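Numbers restart at 1 for each chain; the letters A, B, ... are given by sequence-line order, proteins then strands. From a predicted model like this one, the values you see are computed outputs, not experimental measurements.
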Number of protein chains: 2
Amino acid sequence: MDIAFTDRELDVMAVLWEHGPATVAEVRERLADPLAYTTVLTVLRTLEEKGYVGHEAEGKAYRYYPRVARDAAGESALRRLTRKLFRGSPELLLTQLVSDRGLTREELERMRRLLDERLGTAEER
Amino acid sequence: MDIAFTDRELDVMAVLWEHGPATVAEVRERLADPLAYTTVLTVLRTLEEKGYVGHEAEGKAYRYYPRVARDAAGESALRRLTRKLFRGSPELLLTQLVSDRGLTREELERMRRLLDERLGTAEER
DNA sequence: CATCATCTACTATAACTCTAGTAGGAGGCG
DNA sequence: CGCCTCCTACTAGAGTTATAGTAGATGATG
């Protein structure tokens, strides 16, 4: 299953993932860009139409909640990126990722540790 | 600088990165989806307008070549992904990447080796 | 030379994205 | 009760994306 958001939809999803279910007003407050109330509402309605969020009534307002996990969205995006930009090779992606000049030694070490753990528990296949 | 492609533009860029400069007909042949000749031409013209490809005459046709490296596009995309979906944390991204059940032990080992090398040559900061 | 295939340039259009306005309901307050 | 505020529903319009058709040039071929 393919999960894909437009830029603005992703901004809104990020708020829901980060802070949990929220009303239109709450989402609006947390967005970096100043958008009209109705604009945020429209984005949420679009997301709902696509099945990415749901809502339940709370007083006279709605509280929206994500219907897809951030993990699932991340995985889908990573897969698409790997396929389209890194010839399907996760290693190539990693190469690019760690070539980033901005990474600290600590980050790199934590990343290696991550791989160690993963290798430790991985089944042979 | 921010490099961003639409889905279809990315398909076309992928062909140019993979196989080098190509004519409209050549790009068209290599695309997975069957598109009209003029459709491919339009995409290439759009890419050119955006500065992502250039062309030079070859016989009566044009040969298009990428003006941005795949690396640069990959880095830009990875940065955007990290920021928007992984709270700015490359480790989180890696976690997601290696949680993919489809990775073989060999791939994981090569990835660890990659990090080892990177750590070996990394400057302290 | 006349015709055919191929190529670019220009035009078109439906769908989607982004943003926001207007209308109307519903609750709270003086 | 009448008004103000906040909320959703519906509508709207500019811009972008995706796809492709038509027109006209140009080189190849019989």
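Counting to the nearest Å, the C1' atom of C:dC18 and the CG atom of A:D7 are 11 Å from each other. Per the geometry, CD belonging to A:E49 stands 13 Å off C1' belonging to C:dA15, to the nearest Å. What separates CG of A:D33 from P of C:dT19 is a distance of 7 Å, to the nearest Å. In this structure, A:L47 atom CG and C:dT17 atom P are separated by 10 Å, rounded to whole Å.
Distances were taken from every side-chain heavy atom of B:T42 (C-beta onward) to each of C:dA20, C:dC10, C:dT17; the shortest belongs to C:dC10.
Between the side chain of A:R28 and the backbone N or O of A:L35, at least one donor-acceptor pair lies under 3.5 Å. At least one donor-acceptor pair under 3.5 Å links the side chain of B:R63 to the backbone N or O of B:P21. In this structure, B:W17 contributes its side chain and B:D71 its backbone to no donor-acceptor pair below 3.5 Å.
Atom CG of B:L119 sits about 5.5 Å away from atom CD of A:E109, to the nearest 0.5 Å.
Residue-level contact check: B:T39 touches the bases, meaning some heavy atom is under 4.0 Å from a base atom.
When the side chain to side chain donor-acceptor pair (under 3.5 Å) test is applied to A:D2, the partners found at least two apart in sequence or on another chain are A:S76, A:R80.
Ionic pairing of A:R8 and A:D11 is present here: one or more N-O contacts between side-chain nitrogen and carboxylate oxygen are shorter than 4.0 angstrom. Between B:R30 and B:E18 there is no salt bridge, since none of the side-chain N atoms of the basic residue sits less than 4.0 Å from a carboxylate O of the acidic one.
Under the side-chain contact (heavy atoms from CB on, under 4.5 Å) rule, A:L114 has a single partner from B:L92, B:L97, B:L94, which is B:L94.
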Using nucleotides 4-9 of chain C, report all nitrogen or oxygen pairs with the protein that are shorter than 3.5 Å.
{"from": "C:dT6", "atom 1": "O2", "to": "B:K60", "atom 2": "NZ", "distance (Å)": "2.6"}
{"from": "C:dC7", "atom 1": "O5'", "to": "B:Y37", "atom 2": "OH", "distance (Å)": "3.2"}
{"from": "C:dT8", "atom 1": "OP1", "to": "B:Y62", "atom 2": "N", "distance (Å)": "3.0"}
{"from": "C:dT8", "atom 1": "OP2", "to": "B:Y37", "atom 2": "OH", "distance (Å)": "2.9"}
{"from": "C:dT8", "atom 1": "O3'", "to": "B:Y62", "atom 2": "OH", "distance (Å)": "3.4"}
{"from": "C:dA9", "atom 1": "OP1", "to": "B:Y62", "atom 2": "OH", "distance (Å)": "3.2"}
{"from": "C:dA9", "atom 1": "OP2", "to": "B:R45", "atom 2": "NH1", "distance (Å)": "2.3"}

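Contact footprint of chain A on DNA chain D: nucleotides with an atom under 4.0 Å from a non-hydrogen protein atom, first to last in 5' to 3' order, D:dC6 to D:dC10.
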